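To keep things clear, I will list the structure first and then write my remarks on it.
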Amino acid sequence: MPLRVLVVGGAGFYGQHAVAALGQLPDVEVSVGGRGGPVVVDLTDSSTFSAFSAFDVIIGCHDTEGVSGVEAAGWCIAHGKAWLDVSADRPSVERLLALAVEGRGHAIVGVGLFPGLSTALAAEAAAAAAASFAGHYPQLDLGIRLGVFSGAGRGVCSLMVGLLTRPSIFYIAGRRVEGPALGGGLHLAYLGGKSHSGRRVGLPDAELIHRATGTDARVYLAVRPGIVTPAFSLVGTLVRIAGPLRPAVIRLLRASLVLLRARLLRDRPAPVQITAKVIRETRRLACPDGQRATGAAIAAAVACWQAGYRPSAGGVHLAVEAFPPDALLAHAQRLCPEIVLDSGG
């Protein structure tokens, strides 16, 4: 019997890439859900969640700005279904991690590219370096380098604004610390050997990596081309000092990003590079089209589920604990051969 998968937000920017990648998996039936159908689901209206009953796996590819998937995830846990959460919005992820619902179902947090494959890279690096931990919390640095003059959905545009307006998080000796939205910089070497400077940001990877590996995780964002890095930092400073004009500045910034990336550059591929480094261990990933890589990463989690990698107990689980990191990476690379992986030390 085929695995029945519903992609909530499957008609959206990244949802379409997820649907395309899922179509490559054998014995998988894929349906699209949303307020406008074909499967009618409104994440703000729990009375529509009964539509989930016809599916085995539900994937939350919706825009998390103002629409949380937490209630839907709780429904899935209570009714024996699997909710795969794709959100990179830290507040949404943290609400999901705090969810306490009893049931046989599962909510899998951190599915996608970042968090997702990025967290898998970090987990592999940490596992390789574990013998050197010696009872302390080693620092694990995760760098994500993105092309800003490329296509993106409204959700990613909102995410970028959030990174400029919310505190960054990192860990010191196992203790969570909050810092400026664009924290201290760090140079990391990406695939190909080139080093690029990034600023510490508040992506949820830091929390997920810390929970999964016990490391002092920090996440850095580097923009491409590097010449716009000062402008990126300047915008963050302007938002921070805007005072009473802050809400208006944030709205203007979001509208500008939507116009640029979600409309004018919508069809332009978004190159991505990811580096995870802890002690002397480094894992790297690169793909010329981060949009396709994201779709493949989502489908890779479904492939792992299909292969029988499932938590024994119901509730909320991290993707890198529910699924072997090497399997996630291997499935994603098979579905998107443009993904290049490097496990050099």
Side-chain angles (χ1 to χ4, degrees), residues 1-10 15 18-19 21-22 25 27-31 33 39 41 43 46 48-62 64 67-90 92-113 115-120 123 204-205 207-213 294 297-329 331-332:
M1 185 174 178
L3 186 73
R4 300 162 300 174
V5 177
L6 175 68
V7 183
V8 180
V19 170
L22 287 164
L25 298 179
D27 298 320
V28 172
E29 289 183 356
V30 185
S31 300
V39 177
V41 177
L43 296 183
S46 60
T48 67
F49 295 171
S50 58
F52 296 156
S53 300
F55 301 93
D56 305 301
V57 175
I58 298 94
I59 303 174
C61 278
H62 59 288
T64 54
V67 182
S68 171
V70 174
E71 192 173 359
W75 190 99
C76 289
I77 293 173
H79 292 81
K81 302 297 180 179
W83 172 271
L84 303 189
D85 195 79
V86 181
S87 176
D89 178 65
R90 196 182 82 218
S92 295
V93 170
E94 290 175 342
R95 287 195 296 271
L96 191 52
L97 290 172
L99 182 63
V101 176
E102 293 186 0
R104 296 178 295 103
H106 306 84
I108 310 298
V109 185
V111 173
L113 185 55
L117 299 190
S118 58
T119 325
D205 293 78
E207 178 68 26
L208 300 179
I209 292 169
H210 173 74
R211 290 190 181 212
T213 68
T294 298
I298 295 168
V302 174
C304 286
W305 183 272
Q306 195 177 22
Y309 295 113
R310 305 177 187 184
S312 56
V316 179
H317 304 271
L318 306 186
V320 291
E321 294 176 332
F323 311 129
D326 59 343
L328 280 171
L329 292 164
H331 280 301

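These numbers come from a predicted model, not from an experiment. Heavy-atom basis, side chains included; hydrogens, waters and symmetry copies ignored.
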(Q) Are Ser53 and Trp75 packed together at the side-chain level, in the sense that at least one heavy-atom pair is separated by less than 4.5 angstrom? (A) yes
Q. Distance from Leu328 atom CG to Tyr309 atom OH, nearest 0.5 Å?
A. 10.0 Å
(Q) Counting the benzene-type ring for Trp, do His317 and Trp83 have ring centres under 6.0 Å apart? (A) no
Q: Measure across Cys61 and Gly15 and return the closest heavy-atom pair with its distance rounded to 0.1 Å.
A: CB-CA, 4.0 Å
(Q) Would the distance check show the side chain of His106 and the main-chain N or O of Ala313 forming a donor-acceptor pair, the cut-off being under 3.5 Å? (A) yes
Q: May I have the step-by-step check of side chain to side chain contact (heavy atoms under 4.5 Å, CB included) for Ile59 and Val111, ending in yes or no?
A: CA-CA 9 Å; Ile59 303 174; Val111 173; 5.8 Å; no
Q. After noting the C-alpha distance and the side-chain angles of Glu71 and Leu43, does the key distance pass the side chain to side chain contact (heavy atoms under 4.5 Å, CB included) rule?
A. CA-CA 8 Å; Glu71 192 173 359; Leu43 296 183; over 6 Å; no
(Q) Less than 4.5 Å apart, side chain to side chain, heavy atoms only: is that true for Val93 and Glu207? (A) no
Q. What's the shortest heavy-atom distance between Gly112 and Ala297, and which atoms?
A. O-CB, 3.1 Å
Q.
Between Phe52 and Phe49, is the ring centroid distance below 6.0 Å?
A. yes
Q: For the residue pair Leu208 and Leu97, establish whether any side-chain heavy-atom pair is separated by less than 4.5 Å.
A: yes
Q) Donor-acceptor pair, Asp56 side chain versus Leu3 backbone, under 3.5 Å? A) no
Q) Could you state the interatomic distance from CG (Asp205) to OG1 (Thr119), rounded to the nearest 0.5 Å? A) 4.5 Å
Q: Quick one: pull up OG in Ser31 and CG in Leu22 and give me the separation to the nearest 0.5 Å.
A: 11.0 Å
Q: Please round to the nearest 0.5 Å and tell me the distance separating atom CD1 of Ile298 and atom CG of Asp85.
A: 10.5 Å
Q: Please answer whether the main-chain N or O of Ala54 pairs with a side-chain N or O of Arg4 as donor and acceptor at a distance below 3.5 Å.
A: yes
Q: Nearest 0.5 Å please: distance from the CG atom of Leu318 over to the CD1 atom of Ile108.
A: 9.0 Å
Q) If you take all heavy atoms of Trp305 and Pro311, which pair is closest and at what distance? A) CZ3-CD, 4.1 Å
Q: Examine distances only and state if a side-chain atom of Lys81 and a backbone atom of Ile58 form a donor-acceptor pair shorter than 3.5 Å.
A: no
Q: Looking only at non-hydrogen atoms, find the nearest pair between Ala120 and Leu329 and report the distance.
A: CB-CG, 4.1 Å
**Q.** Minimal non-hydrogen separation, His331 against Cys304, with atom names
**A.** CD2-SG, 3.8 Å
**Q.** For Val70 against Ser92, the heavy-atom pair lying closest together
**A.** CG2-O, 4.2 Å
(Q) Return the CG to OG distance between Leu113 and Ser118, rounded to the nearest 0.5 Å. (A) 6.5 Å
Q: Compare all side-chain heavy atoms of Val41 with those of Leu6 and state whether any distance is below 4.5 angstrom.
A: yes
